[in-house]
Amino acid sequence: MTRNMDNYSRFSEVLQQWDSGRIWTNEPLAAHNSWRIGGPADLLVEPENAQQVATLMQAVREFEIPLVVIGQGTNLLFDDDGVRGVVLKIGEQMAHIRIDGQRIIAGGGAWVPQLARLSMRAGLTGLEHTIGIPGTVGGLVMMNGGSQRKGIGENIVQVTIVDAAGEIRQLSQADCAFSYRHSALQGTGAVVVEAELECPRGELAAVRREMIDDLRTRRKKFPRKQPNCGSVFLSTTEMHATVGPPGKIIEEAGLKGTRIGNAEVSHQHANFIVNLGGASSADVLALIHQIRKVVRDKIGFELNCEVRYVSPAGKLMPAHMKNDGVS
Ligand SMILES: Cc1cc2nc3c(=O)[nH]c(=O)nc-3n(C[C@H](O)[C@H](O)[C@H](O)COP(=O)(O)OP(=O)(O)OC[C@H]3O[C@@H](n4cnc5c(N)ncnc54)[C@H](O)[C@@H]3O)c2cc1C
């Protein structure tokens, strides 16, 4: 992609008017995702408030600069060539959490385990299933993430977004149309800057016990030391009922430990691909391709990715779609 340097410099002038927030040029994206993979972003920007996000959204639109929104990057595969555009990180600068009775207001950059912990300490229940999810509230809302077949959407009352035109807007739970690992926000270009949740009162000791049990199970089941992006493939109700979850299917297809370059199907949990050190995005994509082919041939099921691939042009897609040549 050719860069319009004039547009870039006019865009940079807008950012220079900020009196807070952080801006990096040529920032290696490997430092901003849990797989530790990815080349540089032309610009990486971490705003401090919704107004700055709105200004940025208006400017990328005006100057036609590709934009990618990220949180902790725990569900993303960046390309080795990075991103020719702006990466907008909603992170620790927008990570406030306030609890008022049964209502919780959390910034889009708030860390999910911290949200779960504070809700537990306030004697609230409902977020136990999120304690081990290492992403941000914005990423969780976008993906309707959760575990034990639950999703964060169940507790959402309202979400504050900045839309693609740079307007700050409030959306209700119904507007977000949450379904399994999906929300109506996906594909709209909206940025989640805050979420309001409601959680019923619970018994602190019981909530705490459930969280500890969840973390203990995760520690046993999931690889902890090697960089990874959590579950690579999505489960479906039909698949689960007929042949089991993706991890079981991949293991039964004999793929545990399969390695391409420095990417490997985890020996601990077959739905995880781990970076053995220096893995490239091409290694991971080739391994995803191989897993899908073997599972299709041996088990007869089509595995689709939960993990999103980010192209150098700033396009996001389920990682298997890149393998299929859709980019
Ligand atoms: C070890 C491990 C375990 C995991 N376990 C689980 C699990 O049990 N359940 C589960 O659901 N997920 C799990 N995940 C995946 C991941 O943590 C979640 O999907 C998480 O919600 C993603 O948050 P993030 O901040 O990292 O988002 P990112 O990975 O940065 O982004 C994910 C998507 O959300 C978008 N996005 C991020 N922030 C915003 C924002 N503020 N506004 C608009 N869009 C945004 C991005 O554009 C992208 O499309 C796991 C990951 C790991 C590494």
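Model, not experiment: these values are computed from the prediction. Count residues from 1 along the sequence. When a ligand or atom number is given, it counts from 1 through the structure's own listing order.
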For Gly126, does its backbone N or O pair with a side-chain atom of Glu128 as donor and acceptor, under 3.5 Å?
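Yes, Glu128 side chain to Gly126 backbone: donor-acceptor pair under 3.5 Å.
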
Under the criterion side-chain contact (heavy atoms from CB on, under 4.5 Å), I'd like the reasoning laid out for Val307 against Val284: C-alpha separation, chi angles, the key distance, then a yes or no.
CA-CA 11 Å; Val307 167; Val284 174; over 6 Å; no

Tell me which one of Glu194, Glu196, Arg169 satisfies side chain to side chain contact (heavy atoms under 4.5 Å, CB included) with Thr160.
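It is Glu194; the other options fail the test.
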
Ile70 side chain reached by Val68 side chain, heavy atoms, under 4.5 Å
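Yes - at least one pair of side-chain heavy atoms lies under 4.5 Å apart.
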
Determine, for Tyr180 and Arg149, whether the Lys NZ or Arg CZ falls below 6.0 Å from the six-membered ring centre while staying within 45 degrees of the axis.
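Yes, Arg149 sits over the ring of Tyr180.
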
Is the count of non-hydrogen atoms from other residues, nucleotides or ligands lying under 6.0 Å from Asp297 atom CG greater than 12?
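Result for CG/Asp297: enclosed.
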
Using a 4.0 Å cut-off on heavy atoms, what residues surround ligand 1? Order them by chain and number.
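Correct list: Ser34, Val69, Ile70, Gly71, Gln72, Gly73, Thr74, Asn75, Leu76, Ile90, Ile133, Pro134, Gly135, Thr136, Gly138, Gly139, Leu140, Met142, Met143, Gly145, Gly146, Ser147, Arg181, Ala190, Val191, Val192, Arg218, Asn228, Cys229, Gly230, Glu306, Leu316.
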
